[in-house]
Number of protein chains: 2
Amino acid sequence: MDLWSEDSREQRLIHAFSQFKKVDWNKHTVGDLKPSEVQVLFCIKKGYETVSEVRDILRVTSPTVTQIINRLEEKGYVERTVNKEDRRSSQVKLTDQGIAVTVKAFNMYVTSINGLIDYLGEEESEQLIGLLDKVFVYYKDLNSR
Amino acid sequence: MDLWSEDSREQRLIHAFSQFKKVDWNKHTVGDLKPSEVQVLFCIKKGYETVSEVRDILRVTSPTVTQIINRLEEKGYVERTVNKEDRRSSQVKLTDQGIAVTVKAFNMYVTSINGLIDYLGEEESEQLIGLLDKVFVYYKDLNSR
DNA sequence: TTGATATAGTTAGGTTCCCTAACTAATTAT
DNA sequence: ATAATTAGTTAGGGAACCTAACTATATCAA
């Protein structure tokens, strides 16, 4: 099989990856929230409350998280309070408004994702999750060497 | 199952998607080429030679392609010539230097992807391609309604 | 205990990739 | 012939990231 052929497994995988990256499964605008802001709100809603925690869950850098939280604070969706035990770190909490908008966003995401899950079926959905994780782990290990 | 639980299928899929988007399977720098430039070079190497064709294959807009090609032209990797049959459209061709760098980039990409294919095995690789395409098609249809 | 090192977070500035709006020039349809 | 369409371009901007350099606090080690 000629590697330059569009049908080689390598090419198909490269193409599938590129295409998939462009899928805007998370591009529903929820009010004034950008997708990255929604992701951070989800993290906080789940109970991760410091910049470091959010950074590790989302696998981005601290400045990225700081800046997203700055915007969320300006919009009145979160509040920072200094941790009494360790004054270097701050606890980020959702405001009432923040909770409302997060729940709203979450419902939209779940509805959308459920459409996909219905389309794929239970078995293929699980397969997909497993494979995506596996790919992620492979590249993570590759880069940390 | 509580939807807010990290273990709900919805949450796991949302998380898997976010993580996967961050995988930098295409972040090997090849000389002075950015990943987007590599993708365009691959298209041209495959024989797509107008802005419109590249745009449709990569599913971006014309200005995006134009600007990438501008940079590739500055770097001496491609050349534009006006199409005699339709003077609105231009044919983009690789220079000798362009061919060399494209082949080099392609070899790097294939080597990297083959690492993944080995890791997943033949069956799972095909499953992955199939599932990614399926997701892509689902969202494409969803958006065109 | 104090001085070095590590950790949490921030600010500033930059890169990449992508977009829309507004445009030119050429072609096709009425 | 003129209106509409198509191909491509330029200009400007936004989203999501990053690194470098910084402040402030905490911990470790001599």
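Chain letters run A, B, ... following the sequence lines, proteins first, then strands; residues in each count from 1. All of these numbers come straight from a predicted model, not from anything done at the bench.
Regarding A:Lys21, its NZ atom lies at a distance of 11 Å from the P atom of D:dC17, rounded to whole Å. Separating the NZ atom of A:Lys34 from the C1' atom of C:dC17 is a distance of 16 Å, rounded to the nearest angstrom. As a whole-Å value, the separation of A:Ile68 CD1 from C:dG9 P is 15 Å. Atom CD in B:Gln91 sits roughly 14 Å away from atom C1' in D:dG8 (whole-Å rounding). The interatomic distance linking B:Lys84 (NZ) with C:dA26 (P) rounds to 13 Å, in whole Å. The separation between B:Gln67 atom CD and C:dA21 atom C1' is 13 Å, rounded to whole Å. The distance between atom CD1 of A:Ile69 and atom P of C:dG9, rounded to the nearest whole Å, is 8 Å. The separation between A:Glu85 atom CD and D:dA26 atom C1' is 13 Å, rounded to whole Å.
For B:Ser36, a side-chain nitrogen or oxygen approaches OP1 or OP2 of C:dC17 to under 4.0 Å. Contact between the side-chain N/O atoms of B:Arg87 and the OP1/OP2 oxygens of D:dG8 is not found at any separation under 4.0 Å. Remark: A:Thr64 is in phosphate contact with D:dC18, judged by side-chain N or O atoms under 4.0 Å from OP1 or OP2. The side chain of A:Thr66 contributes an N or O atom lying less than 4.0 Å from OP1 or OP2 of C:dT10. Phosphate proximity of C:dT11 to A:Asn70: present, with a side-chain N or O under 4.0 Å from OP1 or OP2.
Residue contacts shown for A:Thr61 include a base, since a base heavy atom lies under 4.0 Å away. When heavy atoms are screened at a 4.0 angstrom cut-off, B:Arg55 is found touching no nucleic acid atom at all. At the heavy-atom level, B:Ser89 lies under 4.0 Å from the strands shown only through sugar-phosphate atoms. Among the protein residues, B:Glu37 comes within range of no part of the nucleic acid, since none of its heavy atoms lies under 4.0 Å from any strand.
Considering all non-hydrogen atoms of both residues, A:Lys22 and B:Leu58 come closest at NZ-O, 2.9 Å.
Ring centers of B:Phe136 and A:Phe20: at least 6.0 Å apart, outside the cut-off.
Across D:dT25, C:dG9, D:dT10, the shortest atom-to-atom separation from the side chain of A:Ser90 is found for C:dG9. Of the candidate nucleotides C:dT10, C:dC17, D:dT9, D:dT9 has the atom nearest to the side chain of B:Pro63.
In this model, no side-chain donor or acceptor of B:Arg88 finds a partner on the base of C:dT27 within 3.5 Å.
The only option from B:Glu79, B:Glu49, B:Glu73 that meets the salt bridge (Lys or Arg N to Asp or Glu O under 4.0 Å) definition with B:Lys93 turns out to be B:Glu49.
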Fill in: Stepwise side chain to side chain donor-acceptor pair (under 3.5 Å) test for A:Gln19 and B:Arg59
CA-CA 8 Å; A:Gln19 292 311 295; B:Arg59 295 180 214 267; 2.5 Å; yes
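B:Arg9 is listed as a side-chain neighbour of A:Glu122, based on a closest heavy-atom distance under 4.5 Å.
Residue A:Glu53 is the one, among A:Glu53 and A:Lys22, whose nearest nucleotide of DNA chain C lies closer to the 5' end (criterion: closest heavy atom).
Although no hydrogens or angles enter the test, the distance criterion places no donor-acceptor pair under 3.5 Å between the side chain of A:Lys104 and the main chain of A:Gly31.
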